[in-house]
Engineer: 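Pasting a structure here, questions to come.
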Amino acid sequence: MPDIKFIVENTALVKEGLQKKGYTPEELDVDALIKLHKEITALKTSSQALAEEKNKLSNSIKSAAPDERPNIIAQSKAVGEKFKQEQDQLDAKQKEFDLFMLKMPNLPSPESPVGPDDSGNVVRRKVGKIPHFDFEPRDHIALMEINDWSEMERIAKVSGSRTYAIKNELAKLELAMHMMVLDKLRAEGFTVITVPSVSKEKPLYGQGYLPFSRDEVYYMPEDDLYLSGTAELILNSLRADEILSENELPVLYAGFSPCFRREAGAAGKDTRGLVRVHQFMKTEQFVICKDSIAESEKWHQKLLQISEEILQDLELPYQVLEVCTGDMGAPKYRQYDLEAWVPSQNCYRETHSCSNITDWQARRTNLRYRDNTDGKVHYVHTLNNTGIATPRVLVPFIENHQNEDGTVNIPPKLQSYMNVTKIGKGV
RNA sequence: GGAUAGAUGGCCGAGUGGUCUAAGGCGCACGAUUGGAAAUCGUGUGUACCUCUAAAGGGUACCGUGAGUUCGAAUCUCACUCUAUCCGCCA
C-alpha cells in the first residue's frame with residue numbers, strides 16, 4: 001500500500017498509476033479515500049484533545065482535596081463519555097480506511113510498458129537457440145512414459161488432478177536443479193533457508209495475496225492456517241515489524257519450500273503433465289534493500305541476471321518479457337517474466353517471475369531500517385524472483401535436450417549434480 | 001492431546017491501581033580523560049500519529065493480542081496467541 005501522505009500530495013499521479021494498472025475510479029475512489037483521511041485526522045485531533053483533558057482530570061484526583069474529588073470524578077466521567085463517542089466514530093472510520101488502503105495497489109514504474117492485459121507485455125530479448133530437430137520431437141509426457149519417469153495416471157487416482165509423481169532419473173534431476181541453484185545463490189551471497197509451507201493469515205496480507213486472491217490459496221479451517229504458494233510469503237514476513245540497521249542490508253534469502261496453489265482460475269489450462277500442478281517445489285530469491293528506486297532497480301536487474309544465468313546454465317532458450325502495467329499484480333512496481341522455449345507447444349512458457357515491490361510490502365509488514373545518513377527510520381524495499389521452480393522447468397528441459405531415441409542430455413553445469421551426461425533408457 | 005510456568009524497551013530485569021514518556025544493569029552513540037587504547041567519568045538512547053513551527057515545543061497511543069472493570073490499568077477480570085519444560089504420539 002502506498003503512503004497516504006503521498007496520495008494526498010500527488011493525487012493526480014496516483015490516479016494515473018491506478019488507471020495504468022487497470023483500475024477504474026469507481027473501483028478505487030481516491031477522492032473518497034482522501035476525504036476519509038481528512039475526516040480521520042480531524043477526529044483524531046479532537047479526540048486527542050479530549051483524551052488530554054481526561055488524563056489531566058484523572059491525574060489531579062490523587063492530589064485533590066477529598067471533598068473535591070466527587071466533582072472531578074464526575075467531570076472526568078463526562079469527558080470520558082464524549083471521548084468514547086468520538087473514539088468509536090474514529091475506530092469505524094479507521095477500519096474503513098485500513099480496508100481501503102489494503103486494496104490500494106502499488107503504482108507502476110514509469111519504465112513499465114502500459115497495457116490492459118498480457119497482450120501489452122513486451123519481449124525485451126530472446127536468448128539461446130531454439131532447437132531444430134531432424135526427427136519428430138516428443139512432448140514431455142511422452143518422454144516420461146518412454147523412460148519410466150512418472151506415475152501420472154496412478155497418482156491422479158491417489159491425489160487428484162494436477163498432481164505429479166516423477167521417479168528415477170527425473171526425480172533426481174528435479175532435486176539436482178534445486179541443489180545447483182542453491183549453490184549458485186549461496187555463491188552470490190544469499191542465505192540459503194528452508195521455510196515452512198504453512199502460514200497464518202497475516203503474512204498473506206503482508207505479501208499482498210490478500211485481500212486480492214483468496215480463492216487461489218488453500219486454507220485449513222481447523223487450524224486457521226494457509227498453505228503457502230511461495231516462499232516469498234514466508235520470507236516477506238520473516239523480519240516483519242523489525243527495524244534493521246542499514247549495515248544489515250541488503251538481506252538476501254534463497255528460500256526453498258514446497259508450494260501449493262489451488263489454480264482455481266486455471267480450469268482447462270495445462271491439465272496434463274507437469275506445467276501446472278497444485279504442489280511444486282520452488283527455490284525463491286528474496287531481497288530486502290534500502291528504499292531508493294535506484295537501489296531496488298539495481299537489485300531487480302541483478303535478480304533478473306541471476307535467473308537468466310540459471311536458464312543459460314540449463315542451456316534453455318528463453319525470452320525476457322517485460323510485464324505491462326495491466327498484467328502486473330497489485331504489489332508490483334516493475335516485473336519481468338522469463339519464459340523458456342517449449343518445443344511441443346511451439347511457444348515460450350513462464351519459468352521465472354522477477355518483481356520489484358518497492359516499499360509496498362514493507363509498509364504492510366512494517367519492515368523498516370535505520371538510515372545511517374539521516375538517522376531516520378525508512379521502509380525497506382523488497383524484491384522477489386524465482387530461483388528455480390520444479391517440475392514446470394522440467395518440461396522445457398527434457399523437451400529441448402531430447403535425443404531421437406528419447407534419452408535426454410544433461411548440460412555440463414548440471415553434470416556434477418547428476419554424475420551423468422545423459423539420462424533415460426530411450427526406446 | 002494432557003500438565004505446569006511464563007510473555008515488560010536492542011538485550012537482561014524491577015515494577016501488582018495514580019507524575020510509568022517503566023527503576024537498575026548491559027549494549028549502543030557522542031564527549032571528557034589518554035601518546036593511543038582499556039578502564040573510568042559525563043551526556044544521550046524507541047515507534048507511530050496529531051498539533052504547532054523557521055527551529056524548538058506541546059499532545060495522544062503503545063509493557064504478547066483483543067475485549068472489559070475504573071475518574072485513572074504494565075498492574076485487576078475474561079478470551080485468545082505465542083514461548084519454555086515435562087508426559088503422550090511421531091517423520
Engineer: Within the 4.0 Å heavy-atom criterion, would you say A/Lys200 contacts the bases, only the backbone, or no part of the nucleic acid?
Structural biologist: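 Here A/Lys200 touches the backbone only, sparing every base.
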
Engineer: Any chance you could lay out the salt bridge (Lys or Arg N to Asp or Glu O under 4.0 Å) test for A/Lys77 and A/Glu81, step after step, and finish with the verdict?
Structural biologist: CA-CA 6 Å; A/Lys77 225 172 182 169; A/Glu81 289 289 320; over 6 Å; no

Engineer: Looking only at atom P, what distance separates B/U75 and B/G9, rounded to whole Å?
Structural biologist: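 My reading of the P atoms in B/U75 and B/G9 gives 14 Å.
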
Engineer: Using a cut-off of 4.0 Å on non-hydrogen atoms, how would the nucleic acid contact of A/Ile72 be classed: base, sugar-phosphate, or nothing?
Structural biologist: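 Here A/Ile72 touches no strand at all.
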
Engineer: Which is more 5' along RNA chain B, the nucleotide nearest A/Ala74 or the one nearest A/Lys84? Just name the residue.
Structural biologist: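 Going by which nucleotide is closer to the 5' end, it is A/Lys84.
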
Engineer: Contact class for A/Ser58 (heavy atom, under 4.0 Å): base, sugar-phosphate, or nothing?
Structural biologist: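 Base contact - A/Ser58 has a heavy atom under 4.0 Å of at least one base atom.
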
Engineer: Can you check the distance between B/G46 and B/C52, where both ends of the measurement are the C1' atom (answer in whole Å)?
Structural biologist: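 Per the computed distance, 23 Å lies between those C1' atoms.
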
Engineer: Kindly write out the residues that satisfy salt bridge (Lys or Arg N to Asp or Glu O under 4.0 Å) with A/Glu216, not counting sequence neighbours, or none if the list is empty.
Structural biologist: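 For A/Glu216, no residue satisfies salt bridge (Lys or Arg N to Asp or Glu O under 4.0 Å) once neighbours in sequence are set aside.
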
Engineer: Output the pairing pattern of RNA chain B as a dot-bracket string, 5' first, Watson-Crick or G-U wobble with both distances under 3.5 Å, | for cross-strand pairs, [ ] for crossing pairs.
Structural biologist: ((((((((.[[[..)..(.....]]]((((((.......))))))((((((.....)))))).[[[[[..)....]]]]])))))))....

Engineer: Could you state the atom-to-atom distance from CD1 of A/Ile61 to P of B/G18 in whole Å?
Structural biologist: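 A/Ile61 atom CD1 is separated from B/G18 atom P by 13 Å.
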
Engineer: Show every salt bridge (charged side-chain N to carboxylate O under 4.0 Å, His left out) that has at least one partner inside residues 160-177 of chain A, sequence neighbours left out.
Structural biologist: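 Output for this query lists A/Asp148-A/Lys167, A/Glu151-A/Lys167.
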
Engineer: May I ask you to decide whether A/Asp31 forms a salt bridge with A/Lys35, counting only side-chain N to carboxylate O separations under 4.0 Å?
Structural biologist: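 Here A/Asp31 does not pair with A/Lys35 in a salt bridge, since their nearest N and O are not under 4.0 Å apart.
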
Engineer: Restricting to side-chain contact (heavy atoms from CB on, under 4.5 Å), what partner residues turn up for A/Tyr219, sequence neighbours left out?
Structural biologist: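 Only A/Pro221, A/Asp224, A/Tyr226 meet the side-chain contact (heavy atoms from CB on, under 4.5 Å) criterion with A/Tyr219.
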
Engineer: Measuring only the P atom in each nucleotide, how far is B/U77 from B/G59? A whole number of Å is fine.
Structural biologist: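 Straight-line distance between the two P atoms is 32 Å.
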
Engineer: Could you run through nucleotides 46-64 of chain B and give me one letter per nucleotide, 5' to 3': B if any protein heavy atom sits under 4.0 Å from the base, S if only the sugar-phosphate is that close, - if neither?
Structural biologist: SSSBBS-------BBS---

Engineer: Please compare A/Asp91 and A/Asn59 by the position of their nearest nucleotide in RNA chain B and report the one closer to 5'.
Structural biologist: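 Nearer the 5' end of the strand: A/Asn59.
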
Engineer: Suppose you measure atom C1' in B/G42 against the same atom in B/U47; what distance do you get, rounded to whole Å?
Structural biologist: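 My reading of the C1' atoms in B/G42 and B/U47 gives 28 Å.
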
Engineer: Please list, chain by chain and in numerical order, all residues satisfying side-chain contact (heavy atoms from CB on, under 4.5 Å) with A/Pro211, sequence neighbours excluded.
Structural biologist: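 Counting only residues at least two positions away or on another chain, A/Pro211 forms a side-chain contact (heavy atoms from CB on, under 4.5 Å) with A/Leu102, A/Lys103, A/Tyr205, A/Arg364.
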
Engineer: Please give the distance between the P atoms of B/G27 and B/C86 as a whole number of Å.
Structural biologist: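 Here B/G27 and B/C86 have their P atoms 33 Å from each other.
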
Engineer: Please state how far atom CD in A/Glu81 lies from atom P in B/U70, giving the value in whole angstrom units.
Structural biologist: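 Distance check: A/Glu81 CD to B/U70 P gives 10 Å.
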
Engineer: Considering only atom P, compute the distance from B/G44 to B/G25 and round it to an integer number of Å.
Structural biologist: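 To the nearest whole Å, 14 Å.
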
Engineer: What distance, rounded to whole Å, do you find between the two C1' atoms, one in B/G64 and one in B/G6?
Structural biologist: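 That atom pair is separated by 11 Å.
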
Engineer: Quick one: which residue pairs count as a salt bridge (charged side-chain N to carboxylate O under 4.0 Å, His left out) with a foot in residues 410-427 of chain A, not counting sequence neighbours?
Structural biologist: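 Of all non-adjacent pairs touching residues 410-427 of chain A, those that pass salt bridge (charged side-chain N to carboxylate O under 4.0 Å, His left out) are A/Asp313-A/Lys413.
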
Engineer: Can you list the residues that meet the ring-ring contact (aromatic ring centres under 6.0 Å, His included) rule with A/Phe286, with sequence neighbours excluded?
Structural biologist: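 With sequence neighbours excluded, A/Phe286 shows a ring-ring contact (aromatic ring centres under 6.0 Å, His included) to no residue whatsoever.
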
Engineer: Should A/Glu188 and A/Lys302 count as an ion pair when the cut-off is N to O under 4.0 Å?
Structural biologist: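 Looking at A/Lys302 together with A/Glu188, the answer is yes, because their closest N to O distance falls below 4.0 Å.
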
Engineer: Write down the distance separating the P atoms in B/A74 and B/A23, rounded off to the nearest Å.
Structural biologist: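 Straight-line distance between the two P atoms is 15 Å.
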
Engineer: Using whole Å, what does the distance between atom P of nucleotide B/G9 and atom CG of A/Asp241 come to?
Structural biologist: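 Going from CG in A/Asp241 over to P in B/G9 covers 13 Å.
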
Engineer: Residues in side-chain contact (heavy atoms from CB on, under 4.5 Å) with A/Thr365, at least two apart?
Structural biologist: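 Partners of A/Thr365 under the side-chain contact (heavy atoms from CB on, under 4.5 Å) test: A/Asn236, A/Ser237, A/Ala240, A/Leu367.
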
Engineer: Just how far, in rounded Å, is P of B/G10 from CD of A/Glu248?
Structural biologist: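 So the CD-P distance, A/Glu248 to B/G10, works out to 13 Å.
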
Engineer: Measure the distance from CG on A/Asn372 to P on B/A29 and round it to the nearest whole Å.
Structural biologist: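 Rounded to whole Å, this separation is 12 Å.
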
Engineer: Give each protein N/O atom lying under 3.5 Å from an N/O atom of nucleotides 75-77 of chain B, with the pair distance.
Structural biologist:
none

Engineer: So that I can tick it off, tell me whether A/Glu295 and A/Lys298 are bridged by a salt bridge, with the cut-off set at under 4.0 angstrom between side-chain N and carboxylate O.
Structural biologist: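 Salt bridge flag = yes for A/Glu295 with A/Lys298.
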
Engineer: Enumerate the salt bridge (charged side-chain N to carboxylate O under 4.0 Å, His left out) contacts for residues 239-260 of chain A, please, sequence neighbours excluded, ordered by first and then second residue.
Structural biologist: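 Every pair satisfying salt bridge (charged side-chain N to carboxylate O under 4.0 Å, His left out) with a residue in residues 239-260 of chain A: A/Arg239-A/Glu242, A/Arg239-A/Glu248, A/Glu246-A/Lys290.
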
Engineer: Pair up each side-chain donor or acceptor in residues 175-184 of chain A with any protein partner under 3.5 Å, not counting sequence neighbours, and list the distances.
Structural biologist:
unit_1: A/His178; atom_1: ND1; unit_2: A/Thr283; atom_2: OG1; d: 2.8
unit_1: A/His178; atom_1: NE2; unit_2: A/Thr390; atom_2: OG1; d: 2.8
unit_1: A/Asp183; atom_1: OD2; unit_2: A/Tyr417; atom_2: OH; d: 2.6
unit_1: A/Lys184; atom_1: NZ; unit_2: A/Glu309; atom_2: OE1; d: 2.6

